[in-house]
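A short write-up of the structure that comes next.
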Amino acid sequence: MEKMTDLVAVWDVALSDGIHKIEFEHGTTSGKRVVYVDGKEKIRKEWMFKLVGKETFTVGAAETKATINIDAVTGFAYEYTLEINGKSLKKYMENRSKTTNTWVLHLDGQDFRVVLEKDTMDVWCNGKQMETAGEFVDDGTETHFSLGKHDCYIKAVSSGKRREGIVHTLVVDNREIPETPE
């Protein structure tokens, strides 16, 4: 891979299927624009005489829409902002923390990143959507799945407080795993 000489911005974006690295090259003299996602070239444009504008592409297994906005600040200085699904990266991540739960754990010498999408109850682990089985229990629901030879479930229980809503807990081999903030 050629050396990225015009690299102007790098973002890490946490999605359900993993954390993706987005890199953007902007050659203000050559008019070059290159977008890389996880090291793979997604967009390459040469000789773009308009130095401001936007580049739109997709990220991750769910092909989430991403847009890099290129704006002139002063003279020959440029500002680069990343939007995910039409929201600024900051807003998107704030909203995501309300709609997902994430746990990072170490089992059998391997790291696992488990993500629950609260709206669909889909469970993702290390980039793959898991096969799950839902079950109603006395105090809520349990969504069962396996990680290797380990039995896991995510327990959903009402907090009893309207503001907090439902509390989700990951249990692996009858051990509660603390949530990981992203």
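Taking the side chain as every heavy atom from C-beta outward, Thr67 and Asn69 approach each other to under 4.5 Å. Counting heavy atoms from C-beta outward, Gln110 and His106 have side chains that stay 4.5 Å or more apart. In this structure, the side chains of Met130 and Leu147 come closer than 4.5 Å at one or more pairs of heavy atoms. Phe57 has its side chain within reach of Val37: a pair of non-hydrogen atoms, C-beta onward, lies under 4.5 Å apart. At least one side-chain heavy atom of Val59 sits under 4.5 Å from a side-chain heavy atom of Leu15. Side chains of Glu142 and Val171 form no contact here, defined as non-hydrogen atoms less than 4.5 Å apart. Using a 4.5 Å heavy-atom cutoff, the side chains of Val115 and Val123 are not in contact. With a 4.5 Å cut-off on side-chain heavy atoms, Phe24 and Val34 do not count as touching.
A salt bridge links Glu94 to Lys90: one of the charged nitrogens lies within less than 4.0 Å of a carboxylate oxygen. For the pair Lys32 and Asp6, the salt-bridge criterion is met [side-chain N within less than 4.0 Å of a carboxylate O].
Thr180 places a side-chain N or O within 3.5 Å of a backbone atom of Val104 that can act as its donor or acceptor partner. Remark: the backbone N or O of Asp122 is paired with a side-chain donor or acceptor of Thr120 at under 3.5 angstrom. A donor-acceptor distance shorter than 3.5 angstrom exists from the side chain of Asp17 to the backbone of Ala61, with no hydrogens or angles considered.
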Original post:
When you look at Lys65 and Ile84, which way does the side chain to side chain contact (heavy atoms under 4.5 Å, CB included) test go after all the steps?
Top reply: CA-CA 6 Å; Lys65 183 180 162 209; Ile84 304 292; over 6 Å; no
**OP:** For the pair Leu170 and Tyr153, evaluate side chain to side chain contact (heavy atoms under 4.5 Å, CB included) and give the outcome as yes or no after the intermediate values.
**Re:** CA-CA 6 Å; Leu170 174 63; Tyr153 64 91; over 6 Å; no
Subject >> Intermediate values then yes/no, side chain to side chain contact (heavy atoms under 4.5 Å, CB included), Arg33 and Val35 >> reply: CA-CA 7 Å; Arg33 293 184 193 176; Val35 175; over 6 Å; no
Subject >> Intermediate values then yes/no, side chain to side chain contact (heavy atoms under 4.5 Å, CB included), Glu23 and Leu7 >> reply: CA-CA 7 Å; Glu23 297 167 294; Leu7 189 66; 3.8 Å; yes
**OP:** Decide yes or no on side-chain hydrogen bond (donor to acceptor under 3.5 Å, both in side chains) for Glu117 and Thr100, but give the supporting numbers first.
**Re:** CA-CA 5 Å; Glu117 292 182 353; Thr100 61; over 6 Å; no
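Atom NE2 in His150 sits 4.5 Å away from atom CG in Leu107 (nearest 0.5 Å). We find the CG-CZ distance between Leu105 and Arg175 to be 8.0 Å, quoted to the nearest 0.5 Å. From Asp111, atom CG reaches atom CZ of Arg113 across 12.0 Å, with rounding to the nearest 0.5 Å. Going from atom CD1 of Ile154 over to atom CG of Asn101 covers 7.5 Å, rounded to the nearest 0.5 Å. Atom NZ of residue Lys42 and atom OG1 of residue Thr56 lie 12.0 Å apart, to the nearest 0.5 angstrom. For the atom pair CD (Glu55) and CD1 (Ile68), the distance works out to 7.5 Å, reported to the nearest 0.5 Å.
There is a side-chain donor-acceptor pair under 3.5 Å between His26 and Tyr80. Of the N and O atoms on the side chains of Thr102 and Arg96, not one donor lies less than 3.5 Å from an acceptor on the other residue. Counting only N and O atoms by type, the side chains of Glu83 and Ser88 include no donor and acceptor under 3.5 Å apart. Side-chain contact check for Glu25 and Tyr36: at least one donor-acceptor pair (N or O, by modelled atom type) lies under 3.5 Å.
Residue Trp124 is not grouped with residue Val13 when hydrophobic side chains (ILVMFWY) are merged at heavy-atom distances under 4.5 angstrom, including chains of intermediate members. Phe145 and Val157 fall into different hydrophobic clusters, where Ile, Leu, Val, Met, Phe, Trp and Tyr side chains are chained together by heavy-atom contacts under 4.5 Å. Hydrophobic clustering (ILVMFWY, side-chain heavy atoms < 4.5 Å, transitive): Met48 and Leu51 are in distinct clusters. By the rule that hydrophobic residues join a cluster once side-chain heavy atoms approach within less than 4.5 Å of another member, Ile43 and Leu89 end up as members of one cluster. Connection of Ile19 to Phe112 is not established within any shared hydrophobic cluster, with ILVMFWY side chains joined at heavy-atom distances below 4.5 Å, either directly or through further cluster members.
When all heavy atoms are compared, the tightest approach of Ser97 to Lys118 is O-NZ, 4.4 Å. In terms of heavy-atom proximity, Gly165 sits nearest to Ser159 at O-OG, 2.6 Å.
Enclosure of atom CD in Glu63 is not indicated, since only 12 or fewer non-hydrogen atoms of other residues, nucleotides or ligands lie within 6.0 angstrom. Surrounding CD of Glu131 are at most 12 heavy atoms belonging to other residues, nucleotides or ligands under 6.0 Å away.
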